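Letters A, B, ... mirror the listed sequences (proteins, then strands); counts begin at 1. Bear in mind the structure is a predicted one, so any value in this text is a computation, not a measurement.
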Amino acid sequence: MINVNGLYHAYEKGGPFAVKNAAFKVEKGEIFGFLGPSGAGKSTTQGILTGLLPLQKGEVTVAGCDMKKPKREIFNKIGVSFEQSNVYGKLTARENLNFYSKLFDVNTVDAGTLLKLVGLDHVADKKAGEFSKGMKHRLTFVRSMLNKPELWFLDEPTTGLDPAIASQIKDIIKEENNKGTTVFLTTHNMFVADELCDRVAFIIDGEIKLIDSPRNLKLKYGEKMVSVEHNEDGKLVKEQLSLIIKEDQDRLKTIISRGNIEIMHTKEATLEEIFIKVTGRGLK
Amino acid sequence: MKKILTIIGRDIKSGTRDWLIIYLSIAPILFALVIKGLMPGVESTTLNVVMQHDTPADISEYMESYFDVEYVSDLEAMNDRILRLDDVYGVVYDSNNEGFETIMQGNESADAHIALGLILDQYGLSEDTVLPVTVEFSDVGWEMSPLKLYGANIIILFTTVLGGMMILLNLVEEKMNNTLSAVNVSPITRTEFIIGKGSLGVLLALLGSIAVILILDFGSINYLMLLTSLLAISFISAIVGFGIGVVNDEPIAAIASMKVTFVPVLASIFGSMYLPEKWHFILFWSPFYWAYNSIRDILLKTAQWNQILLNSFIILVLTAILFFTLRKRIAHGLK
Ligand SMILES: Nc1ncnc2c1ncn2[C@@H]1O[C@H](COP(=O)(O)OP(=O)(O)O)[C@@H](O)[C@H]1O
Ligand SMILES: [Mg+2]
C-alpha cells in the first residue's frame with residue numbers, strides 16, 4: 001500500500017532534515033505505526049505521504065500512485081485525520097461532513113451514522129465552533145472515514161481525548177482494519193502503538209531506528225524480568241530481578257530455596273522501555 | 001462543476017452566519033439608497049431654464065414641455081438667477097425678430113447647451129417635422145445629475161473591491177480553521193477550488209453593481225458592455241483578495257490590508273475627474289482608471305464597443321501582470 005525509499009525532507013532549503021533517509025513498506029491490511037516523541041518527524045512523514053508536503057527527495061508510492069506527481073483521484077481512496085483538528089467553526093458538525101462528502105467522486109457514508117459512531121449525534125446540528133477540543137478532534141477523525149478509505153492516515157488519533165473516548169476510537173480503528181482498511185498511524189503513546197499496531201517503526205530526529213512487530217520487539221529486546229514478593233524476617237519484600245544477569249539469577253535461586261514467596265510473575269518490557277533502550281531517549 | 005458549486009454553497013452558508021460578509025453583500029445597495037436619498041426627484045430633473053414673466057404664452061407652453069421653467073421679472077433678476085451655482089440657462093424671447101437669445105454663465109455642460117439650442121431652433125417649425133433630437137437624447141445630456149453619475153461609478157468600483165473582500169474573508173476562514181489541508185487531501189482540484197472560492201466575490205461585484213444601476217435608475221444602458229467591464233475589473237479585486245487572504249488568518253487584519261486597494265481606486269476616480277486630460281497618463285497604470293472611464297461612458301450611453309473592449313483588454317493585461325506577481329504567493333498560501 002505504501003512504499004517509501006530514501007525519503008528526506010527539510011522545511012527550509014539547506015536547513016535541518018525533519019525526515020532523514022526513511023525507508024519502509026506498509027502492507028495491505030496492516031496497521032503500521034510510527035512511534036516517536038514529539039518533533040521526531042512523524043507528522044512530516046504523513047504530510048509527504050498524503051501529498052500535503054512536496055516530495056523533495058526519495059521515492060514514495062501510495063496506493064499505487066507516485067507521490068512525485070499525485071493524481072487527485074487517489075484521494076477518493078485515502079482518508080486523512082489530522083493531529084490538530086480542522087473543521088469549519090461556522091458550520092454544524094453535520095454540515096461539515098456533508099460539505100466534505102460532496103468533494104468525493106465515490107459513495108460516502110451518511111453523516112449521521114458517523115456522528116453517532118463517535119458520540120456526536122446529540123450535537124450534530126450545533127456549530128463546530130462551539131465544540132470542545134475533544135469534540136472537534138472526533139469530528140476531524142470521522143470526517144476521514146466519509147469515503148470509506150482503503151488507506152487511512154491517522155495522526156495522533158487519540159491524543160488529548162479522555163480515556164473512555166480514546167478507547168472508543170481505538171475500537172473503531174480496529175474494526176475498520178478488520179474490514180480490510182490499511183492504517184498508517186502516528187503516535188507518541190506506547191500503549192496505542194502496542195495495542196493497535198501490527199508493526200511499529202521507532203522514529204527519532206527524523207530517522208527510523210527499527211521496524212518490527214510489538215511482540216517481536218518485546219521478545220528480542222525485552223529483558224526477561226521477574227517480580228517477586230516474599231517474606232524475609234517477617235517483612236514483605238518486593239524485588240525486580242533479571243533472568244539474564246548472573247547476580248539476579250543467584251538471588252532468585254536463594255529466594256526460591258527459602259520458600260517464602262507470596263507472589264511471583266514474569267514481567268515483559270514495555271514498548272517505551274524498549275524505545276529507550278534502542279534510541280537512548282524516551283517518548284516524552 | 002459539482003465540486004465548484006459545493007464550494008460556493010459552503011461559502012454562502014457560512015457567509016449568512018457572518019455579519020461582516022452580510023454587511024459586504026448589502027453595502028452596495030445601502031450606498032445606492034443613500035445616494036438616491038441625497039437627490040430627491042432625480043427623475044424629474046431636467047434642464048432648468050429661466051425666462052421672463054412677459055414671455056408669450058405659446059412659447060412658455062412650448063418651453064415647459066421640455067424644460068423646468070422659472071420666471072423672473074426682468075433681465076437683472078435673470079442674471080442673478082443664472083449666476084447661482086446650478087446649471088440654469090436664461091432664455092429671452094425677442095418678439096421683434098421672432099428669435100431667442102440664450103444667456104449662460106459658462107460653467108454649464110456643453111451637451112446641454114447644444115440640446116437647448118436645437119430645441120429652441122425647433123420652435124415654429126411644423127408639428128410633423130421630426131426633431132433631430134429626441135427627448136431620450138435629453139436623458140443623457142442633462143437629466144443626469146453629477147451626483148448620480150459619479151456616485152454610481154464610485155459605488156460600482158467599490159463594489160468590485162467588496163467582492164474581493166468577500167473572497168478574502170472566505171479564504172481567511174479557511175486559514176483560521178486550518179481547513180485547507182483537509183480540502184487538499186480530497187479529490188477536488190486546485191483549479192476547481194480557486195474558481196469556487198472566487199465565484200462568490202465576482203458574483204457580488206456583478207449583482208451589487210446591477211443593483212446600484214437599477215436603484216439609481218439608469219434606464220436602458222448597455223448591460224452587455226457593463227458586464228464585460230465589470231468582469232474585467234472584478235478579477236483584479238479577486239486576485240488581491242486571494243493574495244491577501246491566503247496569508248492571513250484574522251479577518252479584521254486582512255480587511256485592513258485590503259483597504260490599501262482603496263488608494264488606487266480613489267486616485268483613479270478623482271484623477272480622472274479633476275486632472276486635465278493631458279495629465280491622465282499618470283493614471284494609466286491603474287486598472288481602476290480604465291474601468292472608471294468605461295463605466296462612465298456606459299452610464300452616459302456614449303460608450304462604443306471598441307473603446308469598452310480596449311479598456312477591458314488593458315485591465316486584463318494589468319490584471320495578468322498583478323497575477324504573475326502574486327502567483328507564487330497564492331499557490332504557496334493554498335498549501
Ligand atoms: N511547518 C514547519 N516549518 C518548519 N519546521 C517544522 C514545521 N513543521 C515541523 N517542523 C519541524 O520538523 C520536525 C518534525 O516535526 P513533526 O513532523 O511535526 O514531528 P512529530 O509529528 O513527530 O511531532 C520538528 O523539529 C519540527 O520543529
Ligand atoms: Mg505530529
Within residues 241-270 of chain B, which positions have a heavy-atom distance to chain A below 4.5 Å?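 Answer by number: none.
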If contact means a heavy atom pair closer than 4.5 Å, which residues of [range] contact chain B?
| range | result |
| --- | --- |
| residues 51-84 of chain A | A/L52, A/R72, A/F75, A/N76, A/V80, A/F82 |
| residues 11-46 of chain A | none |
| residues 111-128 of chain A | A/K127 |

Hey, is [atom1] on [X] packed in by over 12 heavy atoms from elsewhere, all under 6.0 Å?
| X | atom1 | result |
| --- | --- | --- |
| B/K328 | NZ | no |
| A/N178 | CG | yes |
| B/F323 | CZ | no |
| B/F31 | CZ | no |

Heavy-atom closest pair, residues A/L103 and B/K3: O-CE, 3.2 Å
Give, for atom CZ of A/F99 and atom OG of B/S14, the distance between the pair rounded to the nearest 0.5 Å.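 Atom-to-atom, A/F99:CZ and B/S14:OG are 10.0 Å apart.
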Short side-chain to backbone donor-acceptor contact, B/N177 and A/Y88, under 3.5 Å: no
Mark yes or no for whether A/Y100, through its side chain, and B/A182, through its backbone, hold a donor-acceptor pair below 3.5 Å.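 Checking the backbone N and O of B/A182 against the side chain of A/Y100, a donor-acceptor pair under 3.5 Å is found.
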Taking every heavy-atom pair that is under 4.5 Å apart, which of B/T6, B/L180, B/I7, B/V185 has the most such pairs with chain A?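 So the answer, after comparing B/T6, B/L180, B/I7, B/V185, is B/V185.
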Most contacts with chain A, counted as non-hydrogen pairs under 4.5 angstrom, among B/E192, B/K13, B/M176, B/R190: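 Ranked by heavy-atom pairs under 4.5 Å with chain A, first place is B/K13.
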Should B/L5 and A/K102 count as side-chain neighbours, where that means a heavy-atom distance under 4.5 Å?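 B/L5 does not reach A/K102 side chain to side chain.
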